[in-house]
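Here it is, the structure in full.
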Amino acid sequence: MLKCKKPLTKITKMAFKTKKKELMKTAVLAGAFAAASMLTLTSCNETETQSASKVEIFIDQCGYFPKSPKAALINGKAKNFKLINDNGDIVYEGKAAAAQYYAESDQTYKKMDFSDLQTAGTYTLVVDDTIKSMPIHIGANIYDDVATKAVKAFYYNRASMEIKEEFGGKWARKAGHPDTNVLVHKSAASAARPEGTVISGPGGWYDAGDYNKYIVNSGISTYTMLLTTKLYEKKAVSTSLNIPETGNLLPDILDETLYNLRWMLTMQDPNDGGVYHKLTVLSFEDFIMPDQCQKQRYVVAKGTAAALDFAATMAFASRMLPHYDEAGEMKALADSCIKAATKAYNWARKNPDVKFRNPEDVSTGEYGDWMLNDEWFWAANEMWLTTKDAQYAKDAEAHKAKMTIPTWGDVGSLGYISMALEGSGMNETAAKEKVLTLADSLLVNESVSPIYLSMQNYEWGSNSTVANCGLVKMIAYRLTGDEKYFNSAQNDLHYILGRNPLGVCFVTGVGVKSTRNPHHRPSAADGIDDPVPGFLSGGPNIAVMTDCGDDTSNRSQYPAISYADETCSYSTNEIAINWNAPLVFLTWSISEM
């Protein structure tokens, strides 16, 4: 399912030709199409116009570890290649592999492997003495910068808080959306909280390019951030993000995650334990800064998915927070989390199939979901791991989910991941088998891919799928210690950071040629040329071709290269917390190894 978006109006950087219409989930088409059209991309330093037929070398723009597999791609004829160091010396020579056709981009690629070059430094790859690459970096700490920026992006997306210059630099901004005067929408009304009741729900992260906050998407995002903190504690403790909480007794990544978790707690009705689906305006704000937004905010309808995602996240948090006890504060928060989780789960038991749909007067992101089996499975597993109550184990067995690449609408795999990492006995063994079976299938996909890619379908948010493929592989690596999973996960990161058919690093503020115009209101409205750094762009797909107007000449009909680095392209260039969270996991897990 897709989070549906409403149209934008005129903004400071550009005028959009048409209004967007509410979107339903669109299947991504693959196969043969007409020849690829011209695609305009903006690099960090200049604007380039390139076509699918332009011969180019594609590399990870951050670099490669000295002892890890290393390779580049070229989309044209190539026989021999060499790497030259800063002194002009040839340090490695090799031959390009046989050409492979990739239908998703209608291009042929050759792989150029230089894994045997293990000396740290900066190099240029030259093909047949004519085509040169961007600088290629080999070193031990090459992903530290992108890993830090990926987490810091959440700070820039905080609601209800001023981003001060000492922490935000040139992206400092005034506070917006205090959310202390939020109304209960008629869809969320109850006897104890009738329509129009004023409640308070400050804090949290803006969900994506818009200024609303959604429980369903916060659940998987917050869980992924907590999981990163738990599994990669060494990096968590050593990484300073320069946020207001820096210097306290908690890791900065945990401080950042708690800013959203504490907001989530405000979204529970204390009277019955139900959880509001979202805190939102009735229709999307224009592309203006947060402090300029004046529309009334509401909490909208309770739903089973929201209650279960909330319960799962809170149960997981309650297990890990006492480890970071700060003068008893984390123990108290953990106690609050499990109490809230229990109330939300009990509400779901009484309301087992309440599917959310936008009320008629609400047109912001829906996050609707017809299938709730995966939410039940995830929540039941988390509750069992926390409480060891046998009834939760029975609930999980009754709602056995599939092990898939995690998405906000398919969270069953999170239950398997938690069980594989923390379970016991047969449950743990079965969960590990599920994780490893999926990871192995991804390695098979990669082995036949012309571009080293496990992902097979370019759906909406394709880059997050790539990141979550890497997440699954890194969990498999943690379970087995088998380097094949680690090396494959690196290939997912290589794709995100530039070794892809577009040659674009999809993380803002990273690399030589990266996303410059994300569909992100602060980045578009702040008057600053550079976008807010650290955000993962949604990535190529052909789900919607007319988000920038009826003229689709800037978009290829081939999914792998159908991308527009334009603010209007919400289908390919929006940012979202559930896309950045797996990027955080992937970069942190790889950089700590």
Side-chain angles (χ1 to χ4, degrees), residues 39-48 50 54-66 68-75 81 83-86 105 109 111-115 117 120-127 131-150 152-153 451-453 462-463 466-467 470 489-518 530-540 560-561 563 565 572-573 575 579-580 583-584 586-588 590-591:
L39 180 63
T40 301
L41 301 169
T42 309
S43 73
C44 291
N45 303 312
E46 61 183 342
T47 300
E48 297 183 2
Q50 62 183 41
K54 178 182 177 181
V55 177
E56 219 176 336
I57 298 171
F58 306 114
I59 63 166
D60 182 325
Q61 294 175 30
C62 286
Y64 306 84
F65 287 143
S68 289
K70 293 175 283 293
L73 298 170
I74 188 168
N75 61 342
F81 68 91
L83 280 92
I84 301 173
N85 65 17
D86 287 341
S105 64
Y109 300 93
K111 298 173 179 177
M112 297 174 288
D113 191 298
F114 50 99
S115 300
L117 177 58
T122 299
Y123 306 91
T124 300
L125 190 154
V126 182
V127 176
I131 305 171
K132 294 183 179 181
S133 71
M134 301 175 191
I136 294 176
H137 306 288
I138 297 177
N141 301 311
I142 51 175
Y143 300 123
D144 287 358
D145 179 60
V146 63
T148 300
K149 285 178 177 175
K152 185 69 176 278
I451 61 170
Y452 299 98
L453 189 63
S462 60
N463 284 337
V466 176
Q490 286 184 84
N491 283 335
D492 294 314
L493 187 55
H494 294 329
Y495 173 94
I496 289 169
L497 298 179
R499 199 181 67 185
N500 56 64
L502 291 162
V504 174
C505 174
F506 290 112
V507 183
T508 58
V510 175
V512 176
K513 184 166 64 176
S514 61
T515 296
R516 294 281 296 170
N517 302 294
D530 293 324
V532 176
F535 281 115
L536 178 64
S537 169
I561 53 175
Y563 168 79
D565 186 11
T572 72
N573 216 32
I575 60 91
W579 299 346
N580 250 66
L583 175 66
V584 170
L586 185 59
T587 55
W588 279 53
I590 288 176
S591 62

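No experiment lies behind these values; they were computed from the predicted model shown.
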I131 pairs by side-chain contact (heavy atoms from CB on, under 4.5 Å) with which of V126, L125, I57?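 Of all the options given, the one that passes is I57.
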Rounded to the nearest 0.5 Å, how far apart are NZ of K513 and CD of Q61?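 Rounded to the nearest 0.5 Å, the NZ-CD separation comes to 7.0 Å.
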How many angstroms lie between CG in N500 and CG in L502, if you round to the nearest 0.5 Å? 5.5 Å
Run Y563 and N573 through side-chain contact (heavy atoms from CB on, under 4.5 Å) and show every step you take. CA-CA 8 Å; Y563 168 79; N573 216 32; 2.7 Å; yes
Among residues at least two apart in sequence or on other chains, which ones pass salt bridge (charged side-chain N to carboxylate O under 4.0 Å, His left out) with K70?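 Result, salt bridge (charged side-chain N to carboxylate O under 4.0 Å, His left out) vs K70: none returned.
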Check whether any side-chain heavy atom of I138 sits under 4.5 Å from a side-chain heavy atom of Y123, and report yes or no.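 Yes. Closest side-chain heavy atoms under 4.5 Å.
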Side chains of R516 and P531: closer than 4.5 Å at any heavy-atom pair? yes
According to salt bridge (Lys or Arg N to Asp or Glu O under 4.0 Å), does anything in residues 492-511 pair up with another residue at least two apart or in another chain? List the pairs.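 Output for this query lists K473-D492.
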Which heavy atom of T124 sits nearest a heavy atom of K132, and at what distance?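 Of all heavy-atom pairs spanning T124 and K132, the closest is CG2-CB, 4.1 Å.
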Criterion side-chain contact (heavy atoms from CB on, under 4.5 Å) on V55 and V127, from CA distance to verdict: CA-CA 11 Å; V55 177; V127 176; over 6 Å; no
Whether S514 side chain and C505 backbone form a donor-acceptor pair below 3.5 Å: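 Not a single qualifying donor-acceptor pair exists.
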Between the side chain of K149 and the main-chain N/O of G509, is any donor-acceptor distance below 3.5 Å?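 Side chain of K149 to backbone of G509, a donor-acceptor pair under 3.5 Å: yes, one is there.
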So which heavy atom on T508 is nearest to which on V532, and how close?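 Shortest heavy-atom separation between T508 and V532 comes out as OG1-O, 2.7 Å.
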By the salt bridge (Lys or Arg N to Asp or Glu O under 4.0 Å) test, which pairs, at least two apart or in different chains, include something from residues 500-510? none
I want to check something: taking the side chain as every heavy atom from C-beta on, are T587 and L493 in contact at a cut-off of under 4.5 Å? yes
For Y452 versus A71, what's the shortest heavy-atom pair and its separation? OH-CB, 3.3 Å
Got a sec, which residues hit side chain to side chain donor-acceptor pair (under 3.5 Å) with T122, two or more places apart in sequence or on another chain?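 T122 satisfies side chain to side chain donor-acceptor pair (under 3.5 Å) with H137 only.
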Please find the pair of heavy atoms, one from A72 and one from I59, that lie closest to each other, and give the distance.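 Nearest heavy atoms, A72 then I59: CB-CG2, 3.8 Å.
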Taking all non-hydrogen atoms of both residues into account, name the closest pair between G503 and F58 and its distance. CA-CD2, 3.4 Å
Any chance you could lay out the side-chain contact (heavy atoms from CB on, under 4.5 Å) test for F535 and L583, step after step, and finish with the verdict? CA-CA 9 Å; F535 281 115; L583 175 66; over 6 Å; no
Minimum side-chain heavy-atom gap F506-P540 below 4.5 Å: yes
Using a 4.5 Å cut-off on heavy atoms from C-beta on, say whether the side chain of M112 contacts that of L73. no
Under 3.5 Å, is there a donor-acceptor pair between the side chain of N580 and the main chain of G534? yes
Is the shortest heavy-atom distance from the side chain of P518 to the side chain of S537 under 4.5 Å?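 SC-SC contact between P518 and S537 ruled out.
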I'd like to know if the side chain of D565 and the backbone of T515 have a donor-acceptor N/O pair within less than 3.5 Å.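 A pair under 3.5 Å: no.
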Would you mind reporting whether D145 and C62 have side-chain heavy atoms less than 4.5 Å apart?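 Heavy-atom side-chain distance check fails, nothing below 4.5 Å.
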Nearest heavy atoms of P501 and Y109, plus distance in Å: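 In this case the closest contact between P501 and Y109 is CB-OH, 3.1 Å.
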Are the side chain of D144 and the backbone of S591 linked by a donor-acceptor contact shorter than 3.5 Å?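 Flag not set: sc D144 to bb S591 has no pair under 3.5 Å.
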List the residues meeting side chain to side chain donor-acceptor pair (under 3.5 Å) with Q490, not counting sequence neighbours, and say none if there are none.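 Side chain to side chain donor-acceptor pair (under 3.5 Å) list for Q490, sorted by chain: S68, N487.
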Would you indicate whether the side-chain heavy atoms of S462 and W579 approach each other to under 4.5 Å? no
Can you list the residues that meet the ring pair (Phe, Tyr, Trp, His ring centres under 6.0 Å) rule with Y64, with sequence neighbours excluded? F114, H494
